[in-house]
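A short write-up of the structure that comes next.
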Amino acid sequence: MYKIIASGILLITSLILTIISLPPYEQGKFVLMSLLVIIAGGTAIGYFISSWTKGFMKEKFKESLKSSFGISCLIYIAGYLFASIQGLI
Amino acid sequence: MKKTTHKILSTIVVIPLIGLVFIFGQIPLMEGYNVFAPYIDTEFAEDYSPELFDEITSDLSMKDVISIVGEPLFIHQDTINGQIEIKYIYTNDGCFGRNEKSNRFTIGDFAWYRSVITFNKQGEITHIDKGWCYD
């Protein structure tokens with residue numbers, strides 16, 4: 001359960017950061033695109049985890065999806081932080 | 001054998017997608033608002049600060065404005081419909097882009113804060129314009 005909650009918190013964080021940075025007229029379109037990319041990334045990460053761990057793949061895939069979307073959001077946030085903080089260094 | 005195929009296929013798929021997600025995280029900041037350094041791409045007039053600019057009200061004179069926020073970066077004079085307009089521009093875009101270091105970074109242009117006061121011929125404030133510009 002905590003994996004789903006953590007993934008949810010990370011998803012909300014990444015969407016808030018996106019909304020804060022964008023001009024109001026571009027928020028809707030870009031939030032939707034970001035969501036699609038995060039979902040695609042999460043699915044690919046889930047597939048990757050399930051294929052590299054022992055056990056039935058379908059079961060492992062379902063189980064790994066709980067955390068893979070969180071990992072995808074974390075990578076998205078890392079990209080955001082990389083771009084925003086590198087200007088300060 | 002099937003498991004090995006999945007391992008190879010998932011590795012081939014996951015690497016570019018991770019890269020795509022990472023790059024996508026950076027896109028909102030292209031000409032976007034930088035939460036950690038909002039004024040990173042805004043050039044200020046010498047004595048200007050956004051807090052001081054907020055103190056400007058439409059009943060102030062040109063002299064009062066200068067005493068509060070100092071001299072502007074640019075003064076732009078124009079005639080619109082026969083009316084003389086004098087614009088005091090206190091901020092400008094591209095502060096970060098002019099920094100030599102910016103060439104090394106993936107994002108070289110962020111949002112900037114616009115601060116413009118428009119006076120009429122008599123030196124009275126007709127418009128105060130402030131806000132974020134995403135260009």
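Computed over heavy atoms, backbone and side chain alike; hydrogens, waters and symmetry mates excluded. Proteins get letters first, then strands, A, B, ... in listed order; numbering begins at 1 in each.
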Taking [Y] as the starting point, is it possible to reach [X] by hopping between hydrophobic residues whose side chains are less than 4.5 Å apart?
X       : Y       : answer
V116(B) : Y88(B)  : no
W112(B) : W132(B) : no
Y48(B)  : I75(B)  : yes
V37(A)  : I15(B)  : yes
I4(A)   : I39(A)  : no

field: Within 6.0 angstrom of Q122(B) CD, more than 12 heavy atoms from elsewhere
entry: yes
- prompt: Is it the case that more than 12 heavy atoms not belonging to Q77(B) sit under 6.0 Å from its CD atom?
  reply: yes
Give, for atom [atom1] of [X] and atom [atom2] of [Y], the distance between the pair rounded to the nearest 0.5 Å.
X      : Y      : atom1 : atom2 : answer
K7(B)  : F48(A) : NZ    : CZ    : 10.0 Å
S34(A) : I27(B) : OG    : CD1   : 7.5 Å
S10(B) : I49(A) : OG    : CD1   : 10.0 Å
F36(B) : S84(A) : CZ    : OG    : 4.5 Å

field: Any side-chain heavy-atom pair of H6(B) and Y47(A) under 4.5 Å
entry: yes
task: Examine whether an atom of I23(B) lies under 4.5 Å from a heavy atom of chain A, and if so say whether it belongs to the side chain, the backbone or both; otherwise answer neither.
output: neither
- request: Pick one of side chain, backbone, both or neither for I40(B), based on which atoms fall under 4.5 Å of a heavy atom in chain A.
  value: side chain
statement: ring pair (Phe, Tyr, Trp, His ring centres under 6.0 Å) pairs touching residues 9-35 of chain A, sequence neighbours excluded, are F30(A)-F24(B)
Nearest heavy-atom neighbours spanning [X] and [Y]:
X      : Y       : value
L29(B) : A83(A)  : CD1-CB, 3.6 Å
V35(B) : S21(A)  : CG2-OG, 4.4 Å
P24(A) : Y134(B) : CD-CE1, 4.3 Å

statement: Bottom line for S68(A): the part with an atom under 4.5 Å from chain B's heavy atoms is neither
message: Quick check on S50(A) against chain B: is it the side chain, the backbone, both or neither that has a heavy atom closer than 4.5 Å?
response: backbone
task: Scan L22(A), I19(A), I20(A) and name whichever one has a side chain to side chain contact (heavy atoms under 4.5 Å, CB included) with P28(B).
output: L22(A)
- prompt: Using a heavy-atom distance cut-off of less than 4.5 Å, which residues of residues 70-80 of chain A contact chain B?
  reply: S72(A), I75(A), Y76(A), A78(A), G79(A), Y80(A)
- line: Of V21(B), L17(B), V13(B), D41(B), the largest count of non-hydrogen pairs under 4.5 angstrom with chain A goes to V21(B)
